[in-house]
Amino acid sequence: MTAIAAQALTWYDEHARDLPWRSPDATPWGILVSEVMLQQTPVVRVLPAWLNWLDKWPTPAHLAADTPAEAIRAWNRLGYPRRALRLHACATALVSQHEGQVPDAVDALLALPGIGAYTARAVAAFAFGRREPVVDVNVRRFVARAVTGLADGGAATTPADFALVETLLPAEDAPRVSAAFMELGALVCVARSPRCADCPVVRTCAWRAAGQPAAEGPGRRPQGYAGTDRQVRGLMMALLRDARDPVPLRTLDAVWPDEVQRRRALAGLVEDGLAYEVGAGLYSLPV
DNA sequence: TAAGCGTGGTT
DNA sequence: TAACCAAGCTT
């Protein structure tokens with residue numbers, strides 16, 4: 001095993017958070033749900049939603065038997081409600097194509113709605129113990145610093161990222177090493193103020209040795225939210241989620257002053273399958 | 001390939 | 001306080 005993997009494992013044994021989807025009792029379905037919920041949403045907000053979701057839909061068949069609208073409601077305010085829609089579609093695909101079971105092969109996982117390069121490998125590793133490089137933003141940052149000597153992992157995940165992480169994984173216990181890398185990136189090797197004093201690989205960290213140079217190139221594009229279509233969509237989705245009956249257009253219209261933007265936002269929601277016009281000027285979640 | 005997609009906590 | 005950040009996916 002590489003030194004970095006061994007050090008990360010030792011640290012993880014002592015410092016790993018006790019998260020329910022890491023429990024030996026967690027099912028592949030529970031782990032898959034956690035991974036989808038954790039796409040761009042912090043752990044603290046996922047926790048209650050995950051517990052409620054698994055209580056309500058303990059298997060893919062339970063979710064597939066319910067409506068997309070209920071999935072979107074249970075999603076609550078986790079953000080990016082398309083993920084709820086895709087998770088429902090994923091459950092349906094699991095029932096129709098995989099006998100209601102979560103597959104253990106990366107290729108099969110990648111073919112499911114809402115499951116991309118990261119999530120497919122995370123499920124293969126954490127639910128089935130497979131040796132797959134699990135590369136999220138935390139792992140990319142940790143490996144970029146500790147191994148490559150750069151301040152961050154760059155704009156997007158590349159095939160080279162998977163290849164590099166793969167070389168760090170031991171033959172045995174690879175999923176725990178991946179979890180350790182992720183946890184280090186999430187708790188110690190964080191983006192803004194890394195806690196190098198608490199890091200198990202600080203003595204060999206390439207970024208540290210190079211004097212912690214700043215990130216190269218232009219930073220990420222501003223992620224502005226106020227005044228965007230996303231904000232308008234979010235306001236409309238909140239109304240649709242909380243309504244038991246179809247919502248009149250004029251009620252949706254009340255969420256935002258600009259008519260052009262309102263029209264665009266609602267059309268986008270309908271286009272994405274998050275909203276349906278169930279009657280003349282009446283909208284609801286997909287049923 | 002880069003833009004679009006929610007929401008809320010932290011600095 | 002505005003900007004940053006968060007277990008990405010899809011087109």
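So that the names make sense, note that chain A is the first sequence line, chain B the second, and so on, each numbered from 1.
Regarding contacts with the backbone of C:dA6, a side-chain N or O of A:Arg141 is found under 4.0 angstrom from either OP1 or OP2. For A:Thr119 and C:dC9, the shortest distance from a side-chain N or O to OP1 or OP2 is below 4.0 Å. OP1 or OP2 of B:dT7 has not a single side-chain nitrogen or oxygen of A:Tyr80 nearer than 4.0 Å. For A:Gln40 and C:dA6, the shortest distance from a side-chain N or O to OP1 or OP2 is not below 4.0 Å.
Regarding A:Arg140, its CZ atom lies at a distance of 11 Å from the P atom of C:dA6, rounded to whole Å. In this entry the distance linking CZ of A:Arg17 with P of C:dA7 reads 8 Å, nearest Å. Straight-line distance from the CZ atom of A:Arg86 to the P atom of C:dG8: 15 Å, rounded to whole Å. Atom OH in A:Tyr12 sits about 12 Å away from atom C1' in C:dA7, given to the nearest Å. Put simply, CZ on A:Arg77 is 4 Å from P on B:dG8, counting in whole angstrom units. Atoms CE (A:Met237) and C1' (B:dT7) sit 13 Å apart, rounded to a whole Å. Atom P of nucleotide C:dA6 and atom CZ of A:Phe142 are separated by 16 Å, given to the nearest angstrom. In this entry the distance linking CE of A:Met182 with C1' of C:dA7 reads 4 Å, nearest Å.
If you check every strand for non-hydrogen atoms under 4.0 Å, A:Thr228 touches nothing. If you check every strand for non-hydrogen atoms under 4.0 Å, A:Leu87 touches nothing. Base contact: A:Trp21 has a heavy atom under 4.0 Å from a base atom. Counting non-hydrogen atoms under 4.0 angstrom, A:Arg22 reaches a base of the nucleic acid. Using a 4.0 Å heavy-atom distance criterion, A:Ala191 is classed as a sugar-phosphate-only contact. Using a 4.0 Å heavy-atom cutoff across all strands shown, A:Ile115 reaches sugar-phosphate atoms only and no base atom. Nucleic acid contact class of A:Gly116 (heavy atoms, under 4.0 Å, all strands): sugar-phosphate only. Residue contacts shown for A:Ala117 are limited to sugar-phosphate atoms, with no base heavy atom under 4.0 Å away.
Nucleotides of DNA chain C nearest to A:Gly114 and A:Arg45 differ in position, and the one nearer the 5' end is that of A:Arg45. In terms of position along DNA chain C, the nucleotide closest to A:Arg192 lies nearer the 5' end than the nucleotide closest to the other residue of the pair A:Arg192 and A:Arg82.
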### Residues A:Glu172, A:Arg131; criterion salt bridge (charged side-chain N to carboxylate O under 4.0 Å, His left out); working and verdict
CA-CA 8 Å; A:Glu172 306 291 329; A:Arg131 183 178 179 279; over 6 Å; no
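Between B:dA3 and C:dC4, the distance separating the two P atoms is 16 Å to the nearest Å. Spacing of P atoms, B:dG8 relative to C:dC9, comes out at 23 Å, to the nearest Å. On the P atoms, B:dT11 is 14 Å away from C:dA7, given to the nearest whole Å.
At a cut-off of 3.5 angstrom, counting only N and O atoms as typed in the model, there is a donor on one side and an acceptor on the other between the side-chain of A:Arg230 and the base of B:dG6. On a pure distance criterion of 3.5 Å, a polar donor-acceptor pair joins the side chain of A:Thr41 and the base of B:dG6.
Electrostatic pairing of A:Asp152 and A:Arg140 does not count as a salt bridge here, judged by no charged N lying under 4.0 Å from a carboxylate O. With respect to the salt-bridge test (charged N to carboxylate O, under 4.0 angstrom), the residues A:Asp13 and A:Arg176 qualify.
Using a 30° and 60° split on the angle between ring planes, A:Phe142 and A:Phe181 fall in the tilted class, from 30° to 60°.
A cation-pi arrangement is present between A:Arg121 and A:Phe162 under the rule of less than 6.0 angstrom and at most 45 degrees off the ring axis.
Of the candidate nucleotides C:dG8, B:dC5, B:dT7, B:dC5 has the atom nearest to the side chain of A:Arg233.
Between A:Trp53 and A:Trp75, the gap from one ring centroid to the other is short of 6.0 Å.
Using modelled atom types, one finds no donor on one side chain facing an acceptor on the other under 3.5 Å when comparing A:Arg22 with A:Ser34.
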